[in-house]
J.: 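Here it is: the structure, laid out below.
Along the sequence shown, the residues carry numbers beginning at 1. This structure is a prediction, so every number in the text was calculated from the model and none was measured.
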Amino acid sequence: MQYSAKVMDHFTNPRNVGEIEGASGVGTVGNAKCGDIMRVYLDIDDNGIIKDVKFKTFGCGAAVATSSMATELIKGKSIDEALKLTNKSVMEALDGLPTVKVHCSVLAEEAVRAALWDYAEKKGIKIEGLEKPVEDLEDSHHEDLHTED
Ligand code: FES
């Protein structure tokens, strides 16, 4: 299995690790097949800008690298921009992932969306284009997506 230099960099030196106390939104997702879990914390200001984002990942190296990259990609962005984050954009930013590790990037995408969902629920608002997150992604509709490399 070959990992890109960027994956190795984000795995050995992950960005935005930690928690945010009193976060605007927290999302936790897991994949029962591999047993990996990801949690994303968002600090969103009154203008809907993601001022800060942190993550904790109890999972494989690719899960660490994809959460690290996902948090980097949405930091300082608006909610709408964060909604555009896909596992594909995370993988592209990391110069690809081995096929058997694609589901790790799906976990990163879904953890961000779960945190946005939590934020919307806490605020009592609806975010257009955001669906209720699934807790276990093992059989999710994403499973067969984006396996180009
Ligand atoms: Fe499951 Fe990486 S092996 S998240």
J.: Considering all heavy atoms of both residues, which atom of G129 and which atom of R113 are nearest to each other, and what is their separation?
T.: O-NH2, 3.1 Å

J.: Distance-only, no hydrogens or angles: does the D118 side chain make a donor-acceptor pair with backbone N or O of G27 under 3.5 Å?
T.: no

J.: Would a 4.5 Å heavy-atom cut-off, applied to side chains only, mark D95 and V7 as touching?
T.: no

J.: Would a 4.5 Å heavy-atom cut-off, applied to side chains only, mark T66 and T57 as touching?
T.: no

J.: Please tell me whether I49 and I44 are part of a single hydrophobic cluster in this structure, the criterion being side-chain heavy atoms less than 4.5 Å apart.
T.: no

J.: Compare every heavy atom of V64 with every heavy atom of G59, then report the nearest pair and how far apart it is.
T.: O-CG2, 4.3 Å

J.: So which heavy atom on A93 is nearest to which on K6, and how close?
T.: O-CD, 3.1 Å

J.: Going through the checks in order, is the side-chain contact (heavy atoms from CB on, under 4.5 Å) test met by L85 and V90?
T.: CA-CA 7 Å; L85 181 91; V90 173; 3.8 Å; yes

J.: Yes or no on side-chain contact (heavy atoms from CB on, under 4.5 Å) for V102 and M91, after CA distance, side-chain angles and deciding distance?
T.: CA-CA 8 Å; V102 169; M91 283 200 296; 3.9 Å; yes

J.: Is K122 atom NZ crowded by more than 12 heavy atoms from other residues, nucleotides or ligands, each under 6.0 Å away?
T.: yes

J.: So how far is it from R39 CZ to E19 CD, rounded to the nearest 0.5 Å?
T.: 7.5 Å

J.: Can V53 be reached from L130 by stepping across I, L, V, M, F, W or Y side chains whose heavy atoms are under 4.5 Å apart?
T.: yes

J.: Whether the side chain of D45 engages the backbone of N47 through a donor-acceptor N/O pair (distance < 3.5 Å, no angle test) should be reported.
T.: yes

J.: Hey, what do you get for CG (L94) to OH (Y3), rounding to the nearest 0.5 Å?
T.: 11.0 Å

J.: Do D52 and Y41 come within less than 4.5 Å of each other through their side chains, counting heavy atoms only?
T.: no

J.: Establish whether M38 and V26 are linked, either directly or via other cluster members, by ILVMFWY side-chain heavy-atom contacts under 4.5 Å.
T.: no

J.: I'd like to check C104 versus C60 (side-chain heavy atoms, cut-off strictly below 4.5 Å). Are they in contact?
T.: yes

J.: To the nearest 0.5 Å, how far apart are CG in N87 and CD in E110?
T.: 8.5 Å

J.: Would you be so kind as to tabulate the donor-acceptor pairs closer than 3.5 Å made by side chains of residues 68-82, with sequence neighbours excluded?
T.:
from: S68; atom 1: OG; to: H10; atom 2: ND1; distance (Å): 2.7
from: S68; atom 1: OG; to: R15; atom 2: N; distance (Å): 2.9
from: T71; atom 1: OG1; to: N16; atom 2: ND2; distance (Å): 2.9
from: T71; atom 1: OG1; to: S67; atom 2: O; distance (Å): 3.2
from: T71; atom 1: OG1; to: S68; atom 2: O; distance (Å): 2.7
from: E72; atom 1: OE2; to: N16; atom 2: ND2; distance (Å): 3.0
from: K75; atom 1: NZ; to: N16; atom 2: OD1; distance (Å): 3.0
from: K77; atom 1: NZ; to: L73; atom 2: O; distance (Å): 3.0
from: S78; atom 1: OG; to: E81; atom 2: N; distance (Å): 3.2
from: S78; atom 1: OG; to: E81; atom 2: OE1; distance (Å): 3.2
from: E81; atom 1: OE1; to: S78; atom 2: N; distance (Å): 2.9

J.: Taking all heavy atoms of H103 and all of C34, pick out the closest pair and write down the distance.
T.: NE2-SG, 3.5 Å

J.: May I ask you to test the L42-I20 pair for a side-chain heavy-atom distance under 4.5 Å?
T.: no

J.: Is F58 linked to V112 within one hydrophobic cluster, defined over Ile, Leu, Val, Met, Phe, Trp and Tyr using a side-chain heavy-atom separation of less than 4.5 Å?
T.: no

J.: Do you know the tightest heavy-atom contact between P14 and F55?
T.: CB-CZ, 4.1 Å

